[in-house]
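Below you'll find the structure, written out as structure tokens, and then a few comments.
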There are 2 protein chains.
Amino acid sequence: MERKQEVSKAVIQRLPRYYRNICELKAEGVQRISSRALAERMGLTASQIRQDFNCFGGFGQQGYGYNIDKLMEELGSILGLRSGRTAILLGAGNLGRALLNNFDFSASGFQLLCAFDANPELKGKEYGGYSVRSSDDLPSYIAAHKPDVAVLTIPRSNAPDIARELVDQGIRGLWNFTGEDLHLGGLGVPVENVHLSDSLMTLCHLVSATEE
Amino acid sequence: MERKQEVSKAVIQRLPRYYRNICELKAEGVQRISSRALAERMGLTASQIRQDFNCFGGFGQQGYGYNIDKLMEELGSILGLRSGRTAILLGAGNLGRALLNNFDFSASGFQLLCAFDANPELKGKEYGGYSVRSSDDLPSYIAAHKPDVAVLTIPRSNAPDIARELVDQGIRGLWNFTGEDLHLGGLGVPVENVHLSDSLMTLCHLVSATEE
DNA sequence: TAGATTGTTAATCGATTAACAATC
DNA sequence: TAGATTGTTAATCGATTAACAATC
């Protein structure tokens, strides 16, 4: 599974979509698929799909196509979904609770351990089966359980300071919903900055474009 | 403001980020900025920024740079944020309520009118100042108020059918959180499919990559 | 074997970067 | 005017598509 050369960012960004579609195909009972059929389904070209998969060493078979189970296994392991990573959530407000109650963390490769909030009234409550702990216990909890990543659903103003503290304490990645763009790549800590407003602005633009 | 040739998708996708950064600069009291300084702030090249802005006719001034107010105004109007668009939200579950309570729709160009839910217990409740109506009233409401877009925070299984109905009733865009990929571009109705799981899987991959 | 479909190389296309004349 | 910085053209780079030999 050695990579010949660095895989481009464009390919990496398509991997979750591939994985998602393959999971759906499996759920539909499909056992194999050609690059051509997958391309049609996903709105890509067959060429691109073969190029993309071959960045990781090619897991198809001539004259047959790609085996769904094998593909899922390979893509899952490339994405690191099989690594048993752990996560904690910071900020059990509306958005935090929505994630706790609804979001399937394990499908994206993470076991969510618990949540933290500064509000003492939330202490001990449970959402989606995850308990809320006091922010005071955060440092000792991280030291003891060494979660890989933190989900930031805290207010925006706190984001930069808390991010730095978390990195100091050993957190290795951030899923950041605060609206503040965080860039800790220099420290070797990847961040996914989620900006829902960007998505809605794009929609606004696209709707306007349909009027021309 | 006529566009010489079709603006590339890559440029369009950067517009919300430009707009966001310009808003931040304005909030910081900055009145003008050079492409060089903006590039440094955003992690782009000055060349790219000038290329991007010039897709829309260039709103800078030699020897001076870009005026923040003008830039905000121009980018906002390109994105269609000044068009007074309206939106409704379908599905007042956890995620729907999180958006109602927290999300600033107007900053992304939409006036949110109200929410709808099939659960009669939610009827008449308010979240974030928006009232929840019965799904039964949806068709007549759309006919009367003609909202531009619908925010889908309903269960995944209902998504395709409801999307089609909404389009029939005149909805012109969808902000889709259901997890089901919807493609109504063929009908001239743009969709922003939000897949939070894709973002988290990417983070999982990036964290794994830091171990190599 | 014949048909199908991959893996992979070459060709095309588009996007980013560099350079510099225009001009505020 | 001199300095700064844009607008814009040309050069480079990278990503996508096409083509086809390899092979299941």
Side-chain angles (χ1 to χ4, degrees), chain A residues 1-18 21-22 25 30-75 78 202 205, chain B residues 1-18 21-22 25 30-75 78 202 205:
Chain A
M1 179 89 33
E2 272 316 302
R3 301 198 306 238
K4 272 137 214 195
Q5 31 182 111
E6 212 49 49
V7 176
S8 82
K9 214 179 159 191
V11 176
I12 301 292
Q13 281 182 325
R14 278 192 292 271
L15 290 179
R17 241 185 105 218
Y18 283 130
N21 275 272
I22 297 303
L25 284 163
V30 177
Q31 287 178 8
R32 65 172 167 132
I33 193 164
S34 68
S35 55
R36 192 157 159 283
L38 185 58
E40 188 151 342
R41 179 188 174 105
M42 294 182 63
L44 303 172
T45 65
S47 239
Q48 180 167 55
I49 290 175
R50 295 204 298 277
Q51 282 282 27
D52 283 357
F53 288 177
N54 277 84
C55 292
F56 306 97
F59 13 80
Q61 189 173 312
Q62 277 109 329
Y64 171 89
Y66 297 87
N67 178 281
I68 294 289
D69 283 331
K70 178 159 195 214
L71 207 45
M72 228 180 101
E73 175 58 32
E74 294 278 3
L75 291 173
I78 290 163
T202 301
H205 176 77
Chain B
M1 181 84 36
E2 270 316 301
R3 302 198 305 239
K4 273 136 213 198
Q5 31 184 112
E6 210 50 47
V7 177
S8 82
K9 214 180 160 189
V11 176
I12 302 290
Q13 282 182 324
R14 278 191 292 270
L15 290 179
R17 241 184 106 217
Y18 283 130
N21 276 272
I22 297 304
L25 284 163
V30 177
Q31 287 179 6
R32 65 173 168 132
I33 192 163
S34 68
S35 56
R36 193 157 159 283
L38 184 58
E40 188 151 342
R41 179 188 173 104
M42 294 182 62
L44 302 172
T45 65
S47 239
Q48 180 167 54
I49 289 176
R50 295 203 299 277
Q51 282 281 26
D52 284 355
F53 288 177
N54 277 83
C55 291
F56 306 97
F59 13 80
Q61 189 173 313
Q62 278 109 325
Y64 170 89
Y66 298 88
N67 178 281
I68 294 288
D69 283 330
K70 177 157 195 215
L71 206 44
M72 227 179 100
E73 174 58 31
E74 293 278 2
L75 290 173
I78 291 163
T202 300
H205 176 77

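Reminder, nothing fancy here: chain letters follow the sequence lines and each chain counts from 1.
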Figure out the [atom1]/[atom2] separation between [X] and [N], and round it to whole Å.
X	N	atom1	atom2	value
A:Leu44	D:dT17	CG	C1'	12 Å
B:Gln51	D:dT5	CD	P	19 Å
B:Arg50	C:dA15	CZ	P	19 Å
A:Asn54	D:dT23	CG	P	14 Å
A:Arg36	C:dG3	CZ	C1'	14 Å
B:Glu6	C:dG14	CD	P	13 Å
A:Asp52	D:dA15	CG	C1'	10 Å
B:Glu40	D:dT5	CD	P	13 Å

Once you round to the nearest 0.5 Å, how far does [atom1] of [X] lie from [atom2] of [Y]?
X	Y	atom1	atom2	value
A:Phe53	A:Gln48	CZ	CD	10.5 Å
A:Asn21	A:Ile68	CG	CD1	9.5 Å
B:Asn67	B:Gln31	CG	CD	8.0 Å
A:Glu73	A:Leu71	CD	CG	10.5 Å
A:Leu44	A:Tyr18	CG	OH	5.0 Å
B:Arg17	B:Asp52	CZ	CG	10.5 Å

Nearest of [options] to any side-chain atom of [X]?
X	options	result
B:Gln62	D:dC24, D:dT16, D:dT5	D:dT5
B:Ser34	C:dA18, D:dT6, C:dT6	D:dT6
B:Tyr66	D:dT16, C:dA18, D:dG7	D:dG7

Original post:
Can you give the dot-bracket line for DNA chain D, where a pair is Watson-Crick or G-U wobble with both atom distances under 3.5 Å, crossing pairs use [ ], and | marks a partner on another strand?
Top reply: ..||||||||||||||||||||||

Subject >> Donor/acceptor link under 3.5 angstrom from B:Ser8 side chain onto base of C:dA15 >> reply: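 No, no donor-acceptor pair under 3.5 Å.
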
**OP:** Remember a base hit wins even if backbone is also touched, and classify B:Arg14 as base, sugar-phosphate or nothing at under 4.0 Å, heavy atoms.
**Re:**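 Since only primed, P, OP1 and OP2 atoms lie under 4.0 Å of B:Arg14, the category is sugar-phosphate.
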
Original post:
Base, sugar-phosphate, or nothing for B:Thr45, non-hydrogen atoms under 4.0 angstrom?
Top reply: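 The residue B:Thr45 makes sugar-phosphate contact but no base contact.
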
**OP:** Report yes if a side-chain nitrogen or oxygen of B:Gln48 is closer than 4.0 Å to either non-bridging phosphate oxygen (OP1 or OP2) of C:dT16; otherwise report no.
**Re:**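 Looking at the OP1 and OP2 atoms of C:dT16, one of them is under 4.0 Å from a side-chain N or O of B:Gln48.
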
Subject >> Phosphate contact (C:dT6 OP1 or OP2) by A:Ser35 side-chain N/O below 4.0 Å >> reply: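 True: A:Ser35 side-chain N/O within range (under 4.0 Å) of C:dT6 OP1/OP2.
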
Subject >> A:Arg36 atom CZ, neighbour heavy-atom count above 12 within 6.0 Å >> reply: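 Result for CZ/A:Arg36: open.
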
**OP:** Return the 5'-most residue of the pair A:Val11, B:Ala46 with respect to DNA chain D, ranking by each residue's nearest nucleotide.
**Re:**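 Per heavy-atom nearest nucleotide, the more 5' residue is B:Ala46.
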
